[in-house]
Trainee: 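Provided herewith is a single structure, encoded as structure tokens, for subsequent inquiry.
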Amino acid sequence: MTIRHHISDSLLAGYAAGTLPEAFNLIIATHVSVCDDCRAALGAFEALGGAVLDDVAPIAMGHESLSACMARIKSGEGATEPPARPKDPVLPAPLAEYVGGGLDAIRWRPVGMGVKQAILPTDKGASARLLYIPAGQSVPDHSHRGLELTMVLQGAFSDQTDRFARGDVETADDDLEHTPVAEAGEDCICLAVTDAPLKFKGWMPRLAQPFLKI
Ligand SMILES: [Zn+2]
């Protein structure tokens, strides 16, 4: 897989620092799991955080913290088996674990024109959804009030800026108004996260927006 569209350094740094909303953490973990370049860049940011921690002046913990911790480890209390990693050809492991299975675990809801979506439960800072766009179908023209990242999981789409295939992440912000069109041949499945509701240009999608929660 050749990935041409990556996660920005500022988002990777935010991920390493643990300051992003859950939805952004999810898409970054998913992309990093299939992208060697971003995994290496993330490793560098994490090393930076590690170096900062090494330099922090220590603060003493409570009396007997260490022995209490060791006693709990020995007792095996709270130990759980790691869950078996679900394997899915479309959903990389972080996403598959998040939805509790493969594509067959997704509860799609139709949003018209054959497009389906599944909103994923995350904290309120941003929202995450899976989008299913039939081959050849377009998503309504929209611009963005905040930051929107879209990662292709299956198939491909194109818009005014470029073509995006599996693994690619499109980063859209206030300045981009676009009409993504799924390529002919294979239905397109994407993970999309946004930190603000999308603004649709047409009146029909705008009317439907409150009901679709997009
Ligand atoms: Zn990447």
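Just follow the structure's listing: the first ligand is 1, and inside any ligand the first atom is 1. Numbers here are sequence positions counted from 1. Keep in mind that the numbers below use all heavy atoms, side chains included, and drop hydrogens, waters and symmetry copies.
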Trainee: What's the spacing between Asp168 CG and Arg163 CZ if we round to 0.5 Å?
Mentor: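 So the CG of Asp168 and the CZ of Arg163 are separated by 8.0 Å.
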Trainee: Could you work out, with ring-ring contact (aromatic ring centres under 6.0 Å, His included) as the rule, every residue matching Phe24, not counting sequence neighbours?
Mentor: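 Here no residue qualifies.
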Trainee: Quick one: side-chain contact (heavy atoms from CB on, under 4.5 Å) partners of Ala23, sequence neighbours excluded?
Mentor: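 Ala23 satisfies side-chain contact (heavy atoms from CB on, under 4.5 Å) with Thr122, Ala126, Ala128, Val193 only.
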Trainee: For His6 and Cys35, work out which heavy atoms get closest and say how close.
Mentor: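 Heavy-atom minimum between the residues: ND1-SG, 3.2 Å.
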Trainee: Below 30° counts as parallel, above 60° as perpendicular, anything between as tilted: where do the rings of Trp108 and Tyr132 land?
Mentor: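 Rings of Trp108 and Tyr132: perpendicular, over 60°.
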Trainee: Name all pairs fulfilling the ring-ring contact (aromatic ring centres under 6.0 Å, His included) condition that reach into residues 36-70, sequence neighbours left out, sorted by first residue then second.
Mentor: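 For residues 36-70: none.
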Trainee: Are there any protein N/O/S atoms under 2.8 Å from the Zn ion (ligand 1), and if so, which?
Mentor: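 The answer, once waters are left aside, is His6 ND1, His31 NE2, Cys35 SG, Cys38 SG.
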